[in-house]
Every structure is written in C-alpha cells, then in structure tokens.
Amino acid sequence: MDRKHEALLIDIAHQVMLDKGLLPDFAPAVHEQLNGIEAPAREQNSGIRDLRHLLWCSIDNDDSRDLDQLTYGEALPDGGTRIFIAVADVDAIVRKGTPIDDHARHNTTSVYTAARIFSMLPEKLSTDLTSLNPAEERLVMVTEMTVREDGTTTDEEIYRALVRNHAKLAYDSVGAWLEGEADAPPPVQANDDLAQTLRLQDQAAERMRHVRHEQGALDLETIEARPVLRNGVVVALSQSKQNDAKLLIEDFMIAANGANARFLERHGSASIRRVVRSPERWDRIERIAEELGDKLPPDADPIALEAFLLRRKKADPIRFPDLSLSIIKAMGAGEYVVEDAGEDSIGHFGLAVKDYTHSTAPNRRYPDLITHRLVKAVLESRQSPYSVGELSELAAHCTKQENAANKVERWVRKSAAACLLADRVGDQFDGIVTGASAKGTWARIFQPPIEGKIVRGHKGLDIGDRVKVKLLGVDIEMGHIDFARSGR
C-alpha cells in the first residue's frame, strides 16, 4: 500500500463523518467568532465562589487535553467525606445560538478516531480556554455532597465557582498507586495533602460504589482496544484496563449527574435525562445464564443480574469481558429523553439509578452543556433557556448524532483493525459472537481483540456463543473484516 495508514484513516473518517450527517470541519463563522476569544471566561458575580485554595486535581487519560473535571475531598468529624466535583463552565464562553454553539449543537459530541479527533468545540477552547488545565484559573460548575460512612449521599449543593487545577494526574499511575502496585506519581509524592485527599476520595467512591451495586448497578468490564500508530502505520491494539482511579472518577461523575438531575427536578425545571431502559432481550440474557449453568428470573431484575455477574467474574475472570460484552449487546443502547418536573423517571438500568442526566463533560458532549444552562438559569432565577418542546427535539437529535458518532468511531476502528489484519488472511482465531440479527452476525476474536462479520456458517449463532473463525479477507476503506465459521 502506497499511502500510510494514518493518512488513509483520516480520509476515511472525514468521509464517514459527512456520510453520517456530522460536520468534520468548522465553518468560517466559527473561526471568525473564535478569533475574538483571547482569554478564559471571567465574570463578576456574587454567586461565584472563590475555591482556588482547595487542592483540586484532574485525573484523566495520559494523552487527554480536554480536561472537563476536577475533584477534591475532605474528611468530616463524623467519619463521612465531603466531596467536590468541578466541571468546566463551557457556557461562560460558548453562548447559546452563537456559531460555535451551532456547530456543537449539530454534532452534539466529539468523535474520537484512530488518526484524528473531530472535536465538538474548536481545540482553542476544548484543550485550552475551557479546559481545566494545570495551574490555570477557570470558572466551573461545582457539585458538592456528603458521602456518609455507609456510602449513602446527602446535603447535595450545586453552584458556580472559580478554581485552580493544582495537579494534572493520569489514571494508570494514580490507579497503580491506590492499588499498592507502584509509588505515587511525582505531584502526589511532593504533596502529602494531595495524597490524603486522593485517599479520601478513593474511599468515598468505594463506599458509594458498594451501595449502587447492592441496588443492582451492573459490574461490567469490557475490553477497550485502541489502535496504536507508529510512523503513520497501525502496529498494534492497546487495551485499557480498569483500575481504582478510573472507578473513582466514574463513581464521582455518576454522583454528580444524579445530583444535577435531582436539582433540576426540585426546582421545577425540565431536563434531558440519560436513560437505559429495561433490557430489550432479557430472554437472551436468561439463555446466556442458563448456558453457564446459572439461572435468572423471567422478568428483568438488575439485582439478580448483578449477582450473576459477580459469580461469573469470580468463576472465570479471563472471559468476564466477553460475557460483559454479550450482556451489553442484549441490553440495548442508552438514549436521551426529556423529563418534565414531576414526571416519573425512566432511570438507568445499568447504573441502577432513577435520576440521571449528563453534566460532567461539556467540552465534548452537548447534553452536558444544555444541563449547565438549565442549572444556571435556576441559580440566577432566570427563565429556562429552552422550552420543553425544544428540549424534546434536542434529546432526539442528541441520541441520533451520538449513534452516528459511534458508527464513525466503529467504522474507523474497523478500518484500523483491517490494516492490522491485512497480512493474516487465512489465519484462524477463537472468538465470541457479539451481534446476531437480520442484518448479520458478528464476532470478536480474542487476539487481537477485533470484531468482524461472519459471512459464512453463521446460521444458529447468537450473542455470547463461542466460535472459531477463519479470516476470509479485509477491506480497509469500507472497514470490512469477513470471517467464516470453522472448526465445528
């Protein structure tokens, strides 16, 4: 192949973005507005608290440049922990109805592909002026709450503040330290108070997590494989593993999203909720359990499902990610819906929470920006910036565009995988069926962890079945990887 993989993947991603109704490039009006923005947002407002003195830190991927969240925790005399979650106040710069907002509203999300990130916001904002970068002062939305010793939360409060990121940390190094497998990262070694607040946050998150799992939150663990490019060529897939630092941030973000949903409900405001309905294919989940010698009730039951998952994780930890993937496929996708104040909440089946919105990633997700605008309207006693009708249209649009973005990411991920497998046609692999419908049957091979379509011998296969396949061929531009079932 004459062209290097990276250039080819960028071209593929750009075209698929267009094909799926997404905008890969910013319009001239966006650049014109951007030229007039030279500094982070600054406001003189009595409702903005000065919390720059608190020992805030960010924990994210090693290569993350769009930092949305900071966290802090302090011990309480009764054994509880007061936690603080600060999220970038993107709305302070990106106002509703401006060209930058119009672009973000159209795409609704950043799209992450192997060779290029198509940011929802211009990088001048998302990685600089609205990013919570270290040693920089930024306006934020703060969610504050108490985590009791028993893991329940109380005394939720939401407000605006000015903060400063005192340390940019990464998941893997913080996770290894929290788990006792490595020394603390240098910024933590240099500051005992930072080490103490991180320990407190980890303990609080673990207590909250325990409560959620008792209520039926699902312990799922999937394999996230990211293409690795070296000198423009796909050379491997890198697998990301779960650790205590990732769980800490995940638990805090779940807590903040729930608090924001309840805040809007208490104040009579409609909101865009993130929901996952009861599984579309509970019967298939039952059959998966039966095939593994277990039993689930005939009606969807998150507590029973979580107990089953815990048993399987203990019995077969190596194959647990494959089981998790099968359960996720059978559950169905999440979606955005509007809930007016006083309406019954659909809830999030996988997280076992009733009140849930998205509010913690406004640099890369438009529903979070909408939530911030709704919350700020309540805080400032203003009329909501969105009617219920407009929110309903936005919820449907965000769901549609998120699905489109997922398709782009999946397409380019498959194209990158096809690059990696191009010289392995004819090889056989062990795998698991990840999709089965009228549209076709798909399987993910274990090594390397790549998904493709079973185009021959797929009859009778269903989600979760183990299978041996032979690689028939690849099409890099189309992202096609074709398998035939073998070894029956």
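Along the sequence shown, residues are numbered consecutively beginning with 1.
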Near Lys407 NZ, under 6.0 Å, is it more than 12 heavy atoms from other residues, nucleotides or ligands? no

Measure the CG-CG distance between Asn107 and Asp102 for me, rounded to the nearest 0.5 Å. 11.5 Å

Side-chain donor-acceptor pair present, Glu339, Ser345, cut-off under 3.5 Å: yes

Kindly say whether Val234 contributes a backbone atom to a donor-acceptor pair with the side chain of His5 at under 3.5 angstrom? yes

Salt bridge present between Lys414 and Glu409 (N-O < 4.0 angstrom): no

May I have the step-by-step check of ring pair (Phe, Tyr, Trp, His ring centres under 6.0 Å) for His106 and Tyr366, ending in yes or no? CA-CA 9 Å; His106 180 90; Tyr366 198 69; over 10 Å; no

Under 3.5 Å side-chain donor-acceptor pair for Arg207 and Thr81: yes

Closest non-hydrogen contact found for Cys57 with Leu169 is SG-CD1, 4.1 Å

Donor-acceptor contact below 3.5 Å, side chain Thr197 vs main chain Leu194: no

Donor-acceptor contact below 3.5 Å, side chain Glu306 vs main chain Glu214: no

To the nearest 0.5 Å, how far apart are CD1 in Ile12 and CG in Leu8? 4.0 Å

Gln15 and Asp11 side chains, donor-acceptor separation under 3.5 Å: no

Checking Asn133 side chain against Glu136 main chain: does a donor-acceptor pair fall under 3.5 Å? no

Using modelled atom types and a 3.5 Å cut-off, is there a donor and acceptor pairing between side-chain atoms of Gln189 and backbone atoms of Ala184? yes

SB check Asp219 Lys313 (cutoff 4.0 Å): yes

One pair to check against salt bridge (Lys or Arg N to Asp or Glu O under 4.0 Å): Asp251 and Arg209. What are the steps and the verdict? CA-CA 7 Å; Asp251 291 320; Arg209 192 181 319 134; 2.5 Å; yes

Can you name the one residue among Leu139, Leu129, Leu125, Thr130 that meets side chain to side chain contact (heavy atoms under 4.5 Å, CB included) with Pro40? Leu129

Quick check against the 3.5 Å criterion: does Asn243 have a side-chain atom that pairs as donor or acceptor with the backbone of Gly175? no

Tell me whether Gln242 at atom CD has more than 12 heavy atoms from other residues, nucleotides or ligands lying less than 6.0 Å away. yes

Side-chain (Asn257) to main-chain (Ser359) donor-acceptor, under 3.5 angstrom: yes

When you check the gap from the basic side-chain N to the acidic O, do Asp202 and Arg199 get nearer than 4.0 Å? no

Which label fits Trp56 and Tyr72: parallel for a plane angle under 30°, tilted from 30 to 60°, or perpendicular past 60°? tilted

Classify the ring geometry of Phe263 against His267: parallel below 30°, tilted from 30° to 60°, perpendicular beyond 60°. tilted

Before you tell me yes or no, could you show the steps for Glu451 and Arg413 under salt bridge (Lys or Arg N to Asp or Glu O under 4.0 Å), namely the whole-Å CA-CA distance, both residues' side-chain angles and the distance that decides it to 0.1 Å? CA-CA 10 Å; Glu451 189 178 58; Arg413 194 161 53 242; over 6 Å; no

Under 6.0 Å from the CG atom of Asp25, do we count more than 12 heavy atoms belonging to anything else shown? yes

With a 4.0 Å cut-off on N to O distance, would you call Asp89 and Lys376 a salt bridge? yes

Is any NZ, NE, NH1 or NH2 atom of the basic residue among Glu123 and Arg65 found under 4.0 Å from an Asp or Glu carboxylate oxygen of the other? yes

Could you check whether atom CD of Glu380 has more than 12 heavy atoms from other residues, nucleotides or ligands sitting under 6.0 Å from it? yes

Give the C-alpha distance, both sets of side-chain angles, the deciding distance and a yes or no for side chain to side chain contact (heavy atoms under 4.5 Å, CB included) between Arg164 and His53. CA-CA 8 Å; Arg164 180 176 179 268; His53 63 286; over 6 Å; no

Do the side chains of Asp150 and Arg148 get close enough for a salt bridge, i.e. N-O under 4.0 angstrom? no

Are there over 12 heavy-atom neighbours, none belonging to His210, within less than 6.0 Å of that residue's NE2? no

Side-chain (Gln201) to main-chain (Ile249) donor-acceptor, under 3.5 angstrom: no

Evaluate Arg105 against Glu390 for salt bridge (Lys or Arg N to Asp or Glu O under 4.0 Å), listing each step before the verdict. CA-CA 12 Å; Arg105 180 173 176 144; Glu390 187 178 8; 3.1 Å; yes

For Ala225 and Pro449, the nearest pair of non-hydrogen atoms, with its separation, is CB-CG, 3.8 Å

Can you tell which of Thr143, Thr371, Thr357 makes a side-chain hydrogen bond (donor to acceptor under 3.5 Å, both in side chains) with Asn260? Thr143

What do the steps show when you test Arg273 against Asp355 for salt bridge (Lys or Arg N to Asp or Glu O under 4.0 Å), and what is the final call? CA-CA 8 Å; Arg273 301 292 183 102; Asp355 300 305; 3.2 Å; yes

Rounded to the nearest 0.5 Å, what separation is found between the NZ atom of Lys124 and the CG atom of Asp128? 8.5 Å

Residues in salt bridge (Lys or Arg N to Asp or Glu O under 4.0 Å) with Glu157, at least two apart? Arg49

Nearest-0.5 Å distance that lies between atom CE in Met145 and atom CZ in Phe252: 8.5 Å

Within 6.0 Å of CZ in Arg230, more than 12 heavy atoms from elsewhere: no

Give a yes or no on whether the backbone of Glu221 and the side-chain of Ser324 come within a donor-acceptor separation of less than 3.5 Å. yes

Using the test side chain to side chain donor-acceptor pair (under 3.5 Å), find all partners of Asp63 that sit at least two apart in sequence or belong to another chain. Arg226

Mind running side chain to side chain contact (heavy atoms under 4.5 Å, CB included) on Ile272 and Leu394 for me, showing each step along the way? CA-CA 8 Å; Ile272 289 184; Leu394 280 168; 4.2 Å; yes

Please check if any side-chain donor atom of Ser58 sits under 3.5 Å from a side-chain acceptor atom of Asn165, or the reverse. yes

Quick check on Asn231: does its CG atom have over 12 non-hydrogen neighbours (other residues, nucleotides or ligands) under 6.0 Å away? no

Check each of Arg160, Arg373, Lys96 against Asp91 using the salt bridge (Lys or Arg N to Asp or Glu O under 4.0 Å) test, and report the only one that passes. Arg373

Which distance, rounded to the nearest 0.5 Å, do you find between the NE2 of His358 and the OG1 of Thr109? 10.0 Å

Stepwise side chain to side chain contact (heavy atoms under 4.5 Å, CB included) check, Arg444 with Leu325: CA-CA 10 Å; Arg444 181 177 60 78; Leu325 183 62; 3.6 Å; yes

Find the distance between CD (Glu32) and CZ (Phe26) and round it off to the nearest 0.5 Å. 15.5 Å

Do any N or O atoms from the side chain of Asn61 and from the backbone of Ser64 form a donor-acceptor pair under 3.5 angstrom? no

Quick one: do Arg42 and Glu137 satisfy side chain to side chain contact (heavy atoms under 4.5 Å, CB included)? Show the steps, please. CA-CA 9 Å; Arg42 290 286 184 266; Glu137 296 179 359; 3.7 Å; yes

